[in-house]
There are 2 protein chains.
Amino acid sequence: MRKPREEMIAETRAKLIASGRHAFGTVGYAGASMDDFTAAAGLTRGALYHHFGDKTGLLQAVIQQIDAEMTTRLNRISAAAPNRWQGFVDECVAYIEMALEPEIQRIMFRDGPAVLGDVSQWPTSNGCIAALSRSIERLKADGLMVDIDTEAAARLINGASSHAALWIANSQTPEATSRQAVDAFRRLLDGLRARVA
Amino acid sequence: MRKPREEMIAETRAKLIASGRHAFGTVGYAGASMDDFTAAAGLTRGALYHHFGDKTGLLQAVIQQIDAEMTTRLNRISAAAPNRWQGFVDECVAYIEMALEPEIQRIMFRDGPAVLGDVSQWPTSNGCIAALSRSIERLKADGLMVDIDTEAAARLINGASSHAALWIANSQTPEATSRQAVDAFRRLLDGLRARVA
DNA sequence: CCAATTCACATACGCAACGTATGTAGGCAC
DNA sequence: GTGCCTACATACGTTGCGTATGTGAATTGG
């Protein structure tokens, strides 16, 4: 073994993030006992405080990890579409659908903002917003979207998506509600499409 | 004094709600100590547990109160507009602006959803969503809005508004960001306007 | 190759806050 | 006027966070 030290450190960090992520995603941030989920990782709170400072520090690390995963997924989806507009719509719909996953919903859309405040001032700038912004920017450059402020549009869409996801996830009939929400969402996006003269 | 008993009870309930509302709105739900803000109301936690069961029960009561206030404000605004579409837009913009008020933002859009879950399954069905829905329904009936599911539209707009408000409130330059957001929001709504054939 | 140091992590302690179980005083019925 | 019910207060146990301190293993310098 060349660098057992750094490897071990990275491993413990990863274990803490994984265990915390699971706890936050299931019982929520407030309901997650540090003693419990650090023990589940075969460690103690001492390790957590050493690496992340406090509970919110771990939450930030977890969010950063999830955000990175979401960003790559979104990029892949928009790249796979036949044309730019379609890619944009697919990306937005995928965003809603990702927000349906309980872990993402709970950590990224409920506890995250409640504990750390608005996404825009999180230390790790949100990759998903950036991905959306890039797509919008390209669409505007290509004349496919009406003139609208890029970041504002990204944030409005982000907000609409996350709320839609919450609505769907808590619905009695998620499939039907999902169709309802996605349909309306497509209409909303269609309204932003540049009208051909 | 005719009914000192019921009056006193209503008064203590009101005092607890007021004190809790203030604490939740300033230091947040988690940061609000029940001992502290019940004492500030001249009471103890005993009264709170008696009337509201637990901390979340008080939060629900506070939310119900704020929601009622917001609903009347929104109704007044949409009624004051020169025409229906304008009234709708005004209502939406007002919704954003209300979400800028720290107390509303914190309680209704951050801590509320985090603690109680999605608005749609709160015991007290959200009056603001209902108000928005009514406006949308009328617009559709009058042929002023494209065919879109009412509730879905209301929720998407609600989500976009609350996120916009969060963004503005946490901005370094709130006035500029507000213009940015409201402009984009108007564009978004404009996309939902029925095209005259 | 060994000693000193550093660092990753564990242990121990204090404190704050929630929830519950119990106590009490004052109004209402009869 | 007496007894009960209820609105609230008091007292207690538990839990969980944050900090201060301890320890052993890995690294570095000679």
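All values reported here derive from a predicted model rather than from experimental measurement. Note on naming: letters A, B, ... go to the chains in the order of the sequence lines (proteins, then strands), and numbering restarts at 1 for each one.
For the helix from dC1(C)-dG30(D) to dC30(C)-dG1(D), the angle separating the two terminal helix axes comes to 10°, with each axis derived from five pairs and the value rounded to 10°.
Between dC8(D) and Thr12(B), a contact under 4.0 Å exists linking OP1 or OP2 to a side-chain N or O.
Here the closest non-hydrogen pair linking Tyr49(A) and Asp54(A) is CE2-CA, 3.8 Å.
When rounded to the nearest whole Å, the span between CG of Leu48(B) and C1' of dT10(D) equals 16 Å. To the nearest angstrom, P of dT11(C) lies 11 Å from CG of Leu43(A). Rounding to whole angstrom units, CD of residue Glu11(B) and C1' of dC8(D) are separated by 14 Å. Counting to the nearest Å, the C1' atom of dG22(D) and the NE2 atom of His50(A) are 15 Å from each other. Counting to the nearest Å, the P atom of dC7(C) and the CZ atom of Arg13(A) are 16 Å from each other.
For His22(B), the NE2 atom counts as loosely surrounded, since its 6.0 Å shell holds 12 or fewer non-hydrogen atoms of other residues, nucleotides or ligands.
By the 4.5 Å heavy-atom criterion applied to side chains, Leu74(B) and Cys128(B) are counted as neighbours.
You'll find that the side chain of Ile9(A) is closest to dA8(C), out of dA8(C), dC8(D), dA9(D). With dA7(D), dA9(D), dA10(C) as the choices, the nucleotide that has an atom nearest any side-chain atom of His51(B) turns out to be dA7(D).
For Lys140(A) (side chain) and Ile148(A) (main-chain N/O), a donor-acceptor pair under 3.5 Å exists by modelled atom type.
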Can you pull every protein N or O that's under 3.5 Å from an N or O on nucleotides 11-18 of chain D?
{"residue": "dC17(D)", "atom": "OP1", "partner": "Ala32(A)", "partner atom": "O", "Å": "3.2"}
{"residue": "dC17(D)", "atom": "OP1", "partner": "Lys55(A)", "partner atom": "NZ", "Å": "3.0"}
{"residue": "dC17(D)", "atom": "OP2", "partner": "Met34(A)", "partner atom": "N", "Å": "3.2"}
{"residue": "dG18(D)", "atom": "OP2", "partner": "Tyr49(A)", "partner atom": "OH", "Å": "2.6"}
{"residue": "dG18(D)", "atom": "O5'", "partner": "Tyr49(A)", "partner atom": "OH", "Å": "3.3"}
{"residue": "dG18(D)", "atom": "N7", "partner": "Arg45(A)", "partner atom": "NH2", "Å": "2.7"}
{"residue": "dG18(D)", "atom": "O6", "partner": "Arg45(A)", "partner atom": "NH2", "Å": "2.3"}

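For Arg155(A) and Glu151(A), the salt-bridge test passes: some basic side-chain N is under 4.0 Å from an acidic carboxylate O.
Residues Ile77(B) and Tyr95(B) do not share a hydrophobic cluster, clusters being chains of Ile/Leu/Val/Met/Phe/Trp/Tyr side chains in contact below 4.5 Å. Under a hydrophobic-cluster definition in which Ile, Leu, Val, Met, Phe, Trp and Tyr are linked whenever side-chain heavy atoms come within less than 4.5 Å, directly or via other members, Phe24(B) and Met70(B) are assigned to the same cluster.
Under the side chain to side chain contact (heavy atoms under 4.5 Å, CB included) criterion, Ser33(B) pairs with Asp35(B), Asp36(B), not counting sequence neighbours.
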Start with the C-alpha distance between Glu101(B) and Arg73(B), add both sets of side-chain angles, then the distance that settles salt bridge (charged side-chain N to carboxylate O under 4.0 Å, His left out), and finish with yes or no. CA-CA 14 Å; Glu101(B) 299 166 30; Arg73(B) 285 171 63 181; 2.8 Å; yes

